[in-house]
Amino acid sequence: MEIIRSSSIFIILLVFASAVIQTKADSVYCSNPRSRCYGKYIECPYECPSTSYGNYKAKVCHVNCDSPVCKSYCKHRKPDCNGPGSACYDPRFIGGDGIVFYFHGKSNEHFSLVSDTNLQINSRFIGHRPAGRTRDFTWIQALGILFNSHSFSLEAIEAATWNNEVDHLKFSYNGEDLIVPEGALSSWYSPEKDVKVERVANKNSVIVTLKDSAEIMVNVVPVTKEDDKIHNYKIPSDDCFAHLEVQFRFFALSPKVDGVLGRTYQPDFQNPAKPGVAMPVVGGEDKYRTTELLSANCLTCLYSPENSSNQEMTSMTEYLTLDCTRGASAGYGIVCKK
């Protein structure tokens with residue numbers, strides 16, 4: 001009897017030790033010389049020890065190498081509409097400087113959100129103007145990206161009524177329709193492995209990663225009845241105005257980056273949004289308007305396909321670095337596995 005009890009205790013201890021080894025936290029190395037945490041290895045918290053999980057509902061480890069505290073924290077892999085780099089609602093932006101502002105644009109027109117010599121991100125606005133209003137209520141319906149001489153787009157599919165069981169996302173790559181299989185954690189890579197699309201829920205939520213340049217978290221949502229009542233949108237019964245909630249993280253922007261959101265990442269940018277105002281609106285439609293979703297012909301656009309392919313950029317935020325265990329060409333981040 002004593003032998004059996006000792007064996008049981010030994011097995012329990014062995015399983016426990018194995019679990020401890022398996023859950024040992026990742027650490028992230030901050031490799032950008034301009035980031036505040038450059039050269040540091042930052043360990044993930046015990047509560048979320050990994051930067052990726054098989055369970056899409058779990059929080060993952062997140063490290064902001066430009067944070068003054070140089071610490072990691074846990075977060076869900078979906079847009080945080082109250083965090084920097086976000087664009088949600090009747091477009092409310094939070095800039096790289098942390099300041100909230102609104103940019104209304106115009107319905108059925110396209111605007112440059114981010115324009116740099118090697119990256120262009122545009123948006124298409126949809127909208128609704130009830131009788132008696134002088135401007136459209138607007139939402140971001142699509143994103144168009146020019147990157148490494150390629151094009152990529154994602155858009156919310158129009159729907160009369162919202163159904164959570166239907167996927168409302170549509171993708172294209174280099175002008176061809178792209179299918180990303182439904183199902184949490186399914187993914188697609190471009191042939192050069194420089195664009196990755198990963199579903200973080202069965203439907204309507206993805207993360208788009210542009211290698212060494214940006215990470216874009218996207219949700220598709222409708223204008224709800226509650227939103228309609230609060231803001232008096234007067235949404236018609238035949239359109240739920242499916243639109244995007246977006247949050248960007250950038251890793252290699254130049255100091256001259258422009259665009260509605262991009263300019264807020266300039267080192268010396270002075271945000272024109274008035275502090276203390278409930279809804280600080282900034283203009284600039286004429287400066288940021290592009291003729292198409294996948295064009296870089298606005299007055300302030302900087303993107304050049306030649307620069308995108310050949311120019312080495314100086315990072316001003318943080319690099320998403322590469323997996324230490326796989327070598328320098330394998331991944332989208334320096335995640336050091338223990």
Side-chain angles (χ1 to χ4, degrees), residues 79 85-96 101-129 135-159 168-178 195 197 206 208 210 213-214 216-221 223 239 241-248 250 253 256-265 281-305 307-308:
S86 61
C88 305
Y89 317 128
D90 178 9
R92 188 192 76 165
F93 293 83
I94 301 181
F101 65 94
Y102 289 78
F103 176 84
H104 293 312
K106 289 186 179 180
S107 179
N108 300 316
E109 293 192 2
H110 307 93
F111 299 93
S112 168
L113 297 186
V114 178
S115 187
D116 212 344
T117 51
N118 67 341
L119 176 66
Q120 180 76 32
I121 303 177
N122 296 336
S123 60
R124 179 191 297 129
F125 283 26
I126 55 172
H128 170 62
R129 184 183 298 190
R135 71 159 186 90
D136 300 329
F137 289 116
T138 51
W139 298 270
I140 295 174
Q141 181 266 336
L143 296 178
I145 301 169
L146 301 174
F147 172 75
N148 281 359
S149 300
H150 298 292
S151 66
F152 175 84
S153 71
L154 63 87
E155 59 184 278
I157 300 171
E158 183 178 351
H168 297 268
L169 275 169
K170 180 180 179 181
F171 308 92
S172 77
Y173 181 71
N174 288 344
E176 300 291 331
D177 286 347
L178 166 65
V195 181
V197 182
V206 297
V208 178
L210 309 177
S213 289
I216 310 168
M217 292 181 282
V218 181
N219 276 343
V220 184
V221 295
V223 174
D239 194 341
F241 287 89
H243 61 281
L244 305 180
E245 293 178 339
V246 185
Q247 187 177 22
F248 299 91
F250 299 108
L253 295 177
K256 295 183 178 179
V257 62
D258 215 314
V260 174
L261 178 65
R263 62 182 180 161
T264 67
Y265 289 85
V281 178
V282 300
E285 283 88 349
D286 292 340
K287 291 194 297 183
Y288 302 118
R289 183 181 288 106
T290 64
T291 54
E292 296 178 348
L293 184 63
L294 293 168
S295 65
N297 57 1
C298 69
L299 295 178
T300 59
C301 285
L302 303 174
Y303 177 78
S304 165
N307 286 333
S308 179

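- Remark: side-chain polar atoms of Ser295 are paired, donor with acceptor, to backbone N or O of Glu292 under 3.5 angstrom.
- The two atoms that bring Leu294 and Ile145 nearest to each other are CD2-N, 3.5 Å, heavy atoms only.
- Judged as a ring pair (Phe, Tyr, Trp, His ring centres under 6.0 Å), and not counting sequence neighbours, Tyr102 has no contacts.
- A heavy-atom distance below 4.5 Å is found between the side chains of Arg289 and Lys106.
- The two residues Tyr303 and Leu119 come nearest to each other via the heavy atoms CD1-N, 3.4 Å.
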Give the intermediate values and the outcome of side chain to side chain contact (heavy atoms under 4.5 Å, CB included) for residues His104 and Phe125. CA-CA 9 Å; His104 293 312; Phe125 283 26; over 6 Å; no
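- The closest side-chain heavy-atom distance from Leu146 to Ser151 is below 4.5 Å.
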List the steps, then state whether ring-ring contact (aromatic ring centres under 6.0 Å, His included) holds for Phe250 with Phe248. CA-CA 6 Å; Phe250 299 108; Phe248 299 91; 5.5 Å; yes
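- In this structure, the side chains of Cys301 and Thr290 come closer than 4.5 Å at one or more pairs of heavy atoms.
- Using a 4.5 Å heavy-atom threshold, the side chains of Phe171 and Asp177 count as separate.
- The side-chain contact (heavy atoms from CB on, under 4.5 Å) with Tyr288 is formed by just one residue from the set Asp258, Leu113, Leu261, Asn122; it is Asp258.
- When atom types are taken as modelled, the side chain of Ser153 and the backbone of Gly144 share no donor-acceptor pair closer than 3.5 angstrom.
- Looking at Asp90, its side chain does come within 3.5 Å of a backbone N or O of Thr138 through a donor-acceptor pair.
- If you take CG on Leu154 and CD1 on Ile216, they are separated by 7.5 Å, rounding to the nearest 0.5 Å.
- Of the possible donor and acceptor atoms, none in the side chain of Thr117 sits under 3.5 Å from a partner among the backbone N and O of Leu302.
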Applying ring-ring contact (aromatic ring centres under 6.0 Å, His included) to Phe147 and Phe152, what does each step give before you reach the verdict? CA-CA 8 Å; Phe147 172 75; Phe152 175 84; over 10 Å; no
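- Here the CD-SG distance, from Glu245 to Cys88, works out to 4.5 Å after rounding to the nearest 0.5 Å.
- Asp116 places no side-chain N or O within donor-acceptor distance of the main-chain N or O of Lys256, the cut-off being under 3.5 Å.
- Interatomic distance, OG of Ser107 versus CZ of Arg129, reported as 9.0 Å (0.5 Å rounding).
- Proximity of Phe111 to Ser123: side-chain heavy atoms (C-beta onward) are separated by under 4.5 Å at one or more points.
- Counting heavy atoms from C-beta outward, Ile140 and His243 have side chains that stay 4.5 Å or more apart.
- Classification of the Phe241-His128 ring pair by plane angle, with boundaries at 30° and 60°, yields tilted.
- Val260 has its side chain within reach of Phe93: a pair of non-hydrogen atoms, C-beta onward, lies under 4.5 Å apart.
- In this structure, Leu244 and Leu169 approach most closely via the heavy-atom pair CD2-CD2, 4.5 Å.
- To the nearest 0.5 angstrom, Ser172 atom OG is 7.5 Å from Leu178 atom CG.
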Asp239/Glu158 under side chain to side chain contact (heavy atoms under 4.5 Å, CB included): CA gap, chis, key distance, verdict: CA-CA 7 Å; Asp239 194 341; Glu158 183 178 351; 3.7 Å; yes
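- Around atom CD of Glu285, more than 12 heavy atoms belonging to other residues, nucleotides or ligands sit under 6.0 Å away.
- Within the 4.5 Å cutoff, the side chain of Lys287 has no heavy atoms near those of the Cys298 side chain.
- Pairing each heavy atom of Ile94 with each of Arg92, the nearest pair is CD1-NH2, 4.0 Å.
- Between Phe137 and Trp139, the angle of the ring planes lies from 30° to 60°, which puts this pair in the tilted group.
- Residues Phe101 and Phe103 keep their aromatic ring centres 6.0 Å or farther apart.
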Would you sort out whether Asn174 and Glu176 count as a side chain to side chain contact (heavy atoms under 4.5 Å, CB included), showing the intermediate values? CA-CA 6 Å; Asn174 288 344; Glu176 300 291 331; 5.6 Å; no
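- In terms of heavy atoms, Met217 sits closest to Pro79 at O-CG, 3.3 Å.
- Between Ala242 and Gln141, the shortest heavy-atom distance links the atoms O-CG, 4.3 Å.
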